[in-house]
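Below: one structure, written as structure tokens.
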Amino acid sequence: MRERIAELVAEVRRLNDLYYGKGESPVPDADFDALKDELAALVAEHPDLEPTDSPLGKVNAPAELTGPTVRHARPMLSLAKATTDEQIRAFCDRFGGQVFRVSEKLDGLSLSVVYTDGKLDYVATRGTGAVGELVTEKVRHVIPGLPTTIDAPGRVEVRGEAVMLRSVWAAYNEAHPDKILTNPRSGAAGTLVLKDPEAAAQAKRLLRFFAFGADREGAAVEIPAGFEPVAQYVCATADEVMDAIAEIGDRRDGLDYEIDGAVVRLHEPAAFGAAGFNSAEPRGAIAFKYPPEEKLTTLLSVEWPVGKIGRVPPRAKVAPVFVGGVTVENITLHNPRLIRERDLRIGDTVAVVRRGDVIPFAGRSLPERRDGTEVEIVPPTHCPSCGSELEVRGTGEERWCLNLQCPAQATRRLMHWASRPAADMEGVGNTWIEKLAEDGVLKRRSDFYDLTTDQLLDYERMGEVSAKNMVDSIASSKNMGLRRALIGLAIPMASEGTAKRLCLAGYERVEDVAAATVDDLVAIRDIGPKAAESIAAFFTRPEVQQEIAALRERGVNLDVLDEDRPVDTAAAGDSPLKGSSVVITGAFTDPRSGAKISRPDVTRLVEQAAATTASSVSANTDYLLAGDNVGAAKTTKAEKLGVKVVHQDELWRWLAEANII
């Protein structure tokens, strides 16, 4: 049971970070929801087995924010989901006699726009819900319609969604066939992570902002003039709510922007506030998700491409079909187990499903339409690229190539090294990486740093400006630091969070990580035995050691940057927590929002106040930080050892003293 919970936690966190951090979703929402539902059910039965990094009860958010941040005046929370009429009616019944507001659920990027005395102060993303990433200067370029001034005194916050219009997305892709955007949603999210928003604006990669609410000093006000409000319906009964949801759904295909549902909330601000919060969600609102659009077509063929760390997933070609606003020719089949369970065959008539920006997939086959010519889909036993025997792993029966010299893996690893989370070579596109790898110019990561403008100019369609931009982008990536280097090395079972934890654990150089033993690594919080074994084994490989030396020779910084170091105890604000050793137990409620806050999040706040945390009370413990529903065992032990028990009201005061909240 413990292993299954750990497996579900790891998979939900991985998928959550891909979706909310990068705008990618390799599995359908239904499959993701099923994983999370299974995890919630297991944890409810075995609460003692819930790990500290559990994603349950948290706002959906990326693993970390990479730019400057700001704390939201009010948390920007996720919404509970509904997929049936019964769930919406049950929501309405809980608030009998109340008035409801139904609005479009735009499929874009949530933003908080703040004005002080009529002038634009800042714009921030939702981020973690409590803390957002500042994108003010980027927004000035890519959302030209956003008001820079409003006619209102004091502090006014407008919340809404930034979207890329379908027409803008189509025009951009037509003008940039070498850098196409997968869909409008990922186009919107990607636009606000670009380093050069001015260039994005010049390329007509523009967004539009729709407002769905505003407040002044915490009190709801009308949306200021100059903003485009999201379409809304005020409804007095559950029947009217259902009619509004249906009306929004009927016209969504005719809109110039993507919506994936409708939001139902209490209309009166006082009623909404009084409803309170449940975990990371407001009780007074719920999101109705429209069923995914599906169209029938023919499954023509299946390919098995090789990924950067050796995963060999199934990808299918289908007869072109228009679904969800785009023409689809390539779909994912997810994994061999789902192929078998859904009885998919080459030649089948299949229902292609596209939900929001999710990669289109085959939801089901229609066996009644078979004529006997269909061919069974047989997963490969050997790597399509290098011929090595594949290993079968996991519940999805996924195929993996273990040959690090596999050419296809090498190209994917090069692309990963150049990506934003790693070296961030913004001027280097995957198309050129693939071409240079095919020609043997790029074989390993260090080869990037040997590229010259003259070399690149030998290629057709490579102009002087593009060549210079590519070489300059590579040169500027040399100061990447240890955290990004660990991400770029694509160590199996080591996530971006693992790279951050290694830096926080005090490792200064990549060579220090390479010298760490499995026991050293397991001692680091949230690094398990399997991940530790994978990291240690990775750095014993001669080709990895040679590559690290080659990167060093070319001047690439593989040492920890100041921004990735542990908290400086001396610089932390004064409070009783500073320099203390603490143990955290019980359930905590954030006084700023009234929402439940997970123990890992409390741990991070405490560590930011320069305290160190431990899992059990000992003679070295200074404080036992106790939330609600604390068992007697820890408090009794604390009393015997003379350890002070600090209840959460006092803890929140201490964190305020340390300027953490």
Side-chain angles (χ1 to χ4, degrees), residues 7 11 14-15 18-19 22 24-32 34-35 182-183 292 294-321 323-324 326-367 369-370 373-403 406-413 415-416 430 434 490 492:
E7 180 182 348
E11 183 65 0
R14 182 183 76 86
L15 294 172
L18 282 174
Y19 187 81
K22 302 176 183 177
E24 301 174 9
S25 185
V27 302
D29 281 358
D31 288 8
F32 174 80
L35 289 171
T182 307
N183 49 60
E294 66 175 34
K295 294 289 179 64
L296 300 181
T297 187
T298 303
L299 198 161
L300 302 176
S301 63
V302 177
E303 298 174 344
W304 300 82
V306 184
K308 65 180 181 293
I309 58 173
R311 181 170 174 261
V312 185
R315 298 285 185 266
K317 289 191 175 295
V318 296
V321 59
V323 56
V326 298
T327 299
V328 171
E329 297 182 70
N330 299 287
I331 64 173
T332 179
L333 302 182
H334 300 306
N335 57 56
R337 178 179 62 83
L338 283 178
I339 291 174
R340 185 180 67 254
E341 291 179 351
R342 293 174 180 172
D343 191 21
L344 301 174
R345 304 180 189 181
I346 296 171
D348 264 349
T349 297
V350 295
V352 171
V353 180
R354 182 177 181 272
R355 182 190 289 107
D357 74 329
V358 173
I359 299 170
F361 63 96
R364 58 192 173 89
S365 64
L366 278 69
R369 295 198 178 187
R370 289 176 181 161
T373 62
E374 294 76 19
V375 179
E376 181 183 357
I377 299 172
V378 180
T381 57
H382 291 76
C383 176
S385 177
C386 69
S388 300
E389 187 173 354
L390 298 177
E391 180 177 286
V392 179
R393 294 182 183 175
T395 57
E397 302 169 14
E398 294 177 335
R399 270 51 178 178
W400 289 79
C401 174
L402 306 185
N403 176 18
C406 174
Q409 283 189 63
T411 300
R412 294 292 181 185
R413 286 196 294 270
M415 293 176 179
H416 181 66
N430 286 346
E434 197 166 15

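Keep in mind that this is a model prediction, so the values were computed, not measured.
For CD of Glu341, the number of neighbouring non-hydrogen atoms (other residues, nucleotides, ligands) closer than 6.0 Å is greater than 12.
Ala362 approaches Val350 most closely through the heavy-atom pair CB-CB, 4.5 Å. The two residues Val328 and Ile331 come nearest to each other via the heavy atoms CG1-CG2, 3.7 Å. Minimum interatomic distance between Glu434 and Thr411 (heavy atoms only, all atoms of both residues): CA-CG2, 4.2 Å. In terms of heavy atoms, Leu333 sits closest to Leu338 at O-CB, 4.1 Å. Residues Arg311 and Trp400 approach most closely at N-CE3, 3.5 Å, considering heavy atoms.
Proximity of Pro314 to Ile377: side-chain heavy atoms (C-beta onward) are nowhere separated by under 4.5 Å. Side chains of Arg399 and Pro336 form a contact here, defined as non-hydrogen atoms less than 4.5 Å apart. Taking the side chain as every heavy atom from C-beta outward, Thr332 and Pro313 never approach each other to under 4.5 Å. Here the side chains of Ser365 and Arg370 are in contact, with some heavy-atom distance below 4.5 Å. Put simply, the side chain of Cys406 does not reach to within 4.5 Å of the side chain of Ser388, judged on heavy atoms. Between Arg345 and Val375 the shortest side-chain heavy-atom distance does not fall below 4.5 Å. Inter-residue side-chain proximity for Arg369 and Leu296 is flagged as met; some heavy-atom pair is nearer than 4.5 Å. Contact annotation: the side chain of Glu397 never approaches that of Pro379 to less than 4.5 Å [non-hydrogen atoms, C-beta and beyond].
Considering CZ of Arg364 and CG of Leu344, their distance stands at 11.5 Å, rounded to 0.5 Å. Atom CZ of Arg393 sits about 14.5 Å away from atom CG of Asn335, to the nearest 0.5 Å. Taking SG of Cys401 as the start and CD of Glu391 as the end, the distance is 10.5 Å to the nearest 0.5 Å.
Using a distance-only test at 3.5 Å, with no hydrogens or angles considered, no donor-acceptor pair links the side chain of Thr298 to the main chain of Leu300. At distances below 3.5 Å, at least one donor-acceptor pair connects side-chain atoms of Ser385 with backbone N or O atoms of Ala408. Judged purely by atom type and a 3.5 angstrom limit, Gln409 uses its side chain to pair as donor or acceptor with the backbone of Asn403.
Ion pairing between a basic and an acidic side chain is recognised when a charged N comes within 4.0 Å of a carboxylate O; Arg342 and Asp348 show no such pairing.
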